[in-house]
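Keep in mind the model is a prediction, meaning the values are calculated, not measured.
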Amino acid sequence: MIGKPEYWHSFPSGHAALAFLLFGSLFFGKSPKAIWVSALIYALLVAWSRIAVGAHFPTDVIGGAFIGLVGAGLAMLIYHRTACGRTTG
């Protein structure tokens, strides 16, 4: 473990949320498979590292991942239901 352990105010993991938001945006946005798979590997490594250094409990990281994926899904849903996601022609 690196640094002093924190036993409160660690839910959710902001690092995991941001990493999974990136992955979800690429996945739900229908990016090429190689790109979103790379983002998934990155997100999993970020999540693992937060636990490995003792900054978060696994539930903190799972909560952050959930928040990131839901955020990406909602963003894509709003995008497709508004004029931004519609094409003319």
Side-chain angles (χ1 to χ4, degrees):
M1 184 175 75
I2 298 172
K4 181 180 154 239
E6 296 288 338
Y7 296 110
W8 57 90
H9 304 298
S10 65
F11 185 83
S13 168
H15 289 88
L18 183 61
F20 278 91
L21 178 68
L22 171 66
F23 159 69
S25 297
L26 294 171
F27 180 76
F28 297 134
K30 297 184 176 45
S31 292
K33 186 176 181 178
I35 293 174
W36 67 257
V37 168
S38 298
L40 176 60
I41 291 168
Y42 168 75
L44 292 171
L45 287 172
V46 167
W48 174 81
S49 73
R50 302 310 296 159
I51 297 168
V53 300
H56 290 285
F57 294 109
T59 52
D60 302 337
V61 172
I62 291 168
F66 178 76
I67 289 170
L69 290 173
V70 168
L74 287 173
M76 288 298 152
L77 182 67
I78 291 168
Y79 175 78
H80 289 295
R81 291 187 180 253
T82 61
C84 296
R86 295 190 185 122
T87 57
T88 57

Should L44 and V53 be counted in the same cluster of Ile, Leu, Val, Met, Phe, Trp and Tyr side chains packed under 4.5 Å apart? no

Taking L26 as the starting point, is it possible to reach L18 by hopping between hydrophobic residues whose side chains are less than 4.5 Å apart? no

Quick one: side chains of residues 58-74, donor-acceptor pairs under 3.5 Å with protein atoms, not counting sequence neighbours, listed by atom name and distance.
unit_1: D60; atom_1: OD2; unit_2: S10; atom_2: OG; d: 2.6
unit_1: D60; atom_1: OD2; unit_2: F57; atom_2: N; d: 3.0

Going only through I, L, V, M, F, W and Y residues with side-chain contacts under 4.5 Å, is there a path from L22 to V46? yes

Atom NZ of K30 and atom CE of M76: how far apart are they, to the nearest 0.5 Å? 9.0 Å

Residue pairs meeting ring-ring contact (aromatic ring centres under 6.0 Å, His included), one or both in residues 27-47, sequence neighbours left out, come to F23-F27, F27-W36

Path from V37 to I35 over hydrophobic side-chain contacts below 4.5 Å: yes

Measure the spacing between NE2 of H56 and OG of S13 and express it to the nearest 0.5 Å. 3.5 Å

